[in-house]
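One-based numbering, in listed order, for ligands and for the atoms of each. This is a predicted model, so every value here is computed, not measured.
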Amino acid sequence: MSWRRGEIWLDLEPRWFRELTEGGALLFETNAPSFSGLTLESLTAALPDGLAQSRRRRAQLRQRRATRKTQAVALVVGPAVALSLAAPRLTSASRASGPLVEDPPSQVNVAADEKTPTRSVTPSRPLGTPRFPEVRWADGASRGLPYAGSLLGGTQLPIEGEDWVTWNPVTDSVPNRPNRLFGNDRVIRKLLAVVAAYRETYPKAPRVVIGDISFQGGGPMELHVSHQNGLDIDVYYPRRDDTLRAPTRVDQVDRRLTQGLLDAFLAAGVGKVFVGYRTGLSGPSGIVEPYPNHEDHMHVRFRPPVD
Ligand SMILES: [Zn+2]
């Protein structure tokens, strides 16, 4: 199962809320190690009966909390996530007194995670490298035409990766909705190869901003006539200010990087690339074609895969 940031948050949030309401318990836990060497029997022998029972209940409660914390540690899959988790903890620390400041569990977890990578951490991945969702490949088939077709068994481009982010043209924001990011698997493979090659050629280039591809089953998509069978991909022109957003004016476009990105798609043998009239981009006639409403992105159409 691939990791998704949203799933982690949904899973963990109730824990934080529950722990935030237990300020007294956290104070007790801070001192917990001093009790850890004592057995329930020795406590029972040393203390009056009522107090012993109270101790026993609290010890059991402490054990349950310890178990819960262990589970939370296992879910911390990398420094980026751990930092996200630290945020609400730090907020709570500013509201609560001493013990939380002295014993912020999430910070302890970060250190433990770095010293002893769990099986969920890839050892070859440098620490601090963001962890992106993996592609779940499906055997796809593009039917019909880009403007009258469908997509069977589409592969979803993850909403972001090492070399790309996705842009939702409906809400004008990052990322795109996953359901707008389905393509033929061979198209997605080529796309990943192109953006990787482009970023290797231009190491300082920001990640590529990718827009709509197709719906999961293809078919008509709002804002588009084509994009119906998993062969069309909108790619926004890299901006001179390096922000990962669609440009809103031609003078925001980094012409050199945009031409480099276009060239990388051409090298992959794409069928068509529609570009804006005022972009100054160039390429083989018959493949690179000026088209209205393409001043902020190039529309790349891959050739239908041949089995
Ligand atoms: Zn398009």
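Of all N, O or S atoms in H227, the one lying closest to the Zn ion (ligand 1) is NE2. The closest approach of D234 to the Zn ion (ligand 1), by N/O/S atoms, is made by OD1.
Of the candidates R239, R240, R245, R239 is the only one forming a side-chain hydrogen bond (donor to acceptor under 3.5 Å, both in side chains) with T243.
In this structure, H299 has its ring center at least 6.0 angstrom away from the ring center of H224.
No side-chain heavy atom of I210 sits less than 4.5 Å from a side-chain heavy atom of Y236.
For the Zn ion (ligand 1), the N/O/S atoms of H299 include one lying under 2.8 Å.
Judged by the 6.0 Å distance and 45° axis criteria, R180 is not positioned over the aromatic ring of W167.
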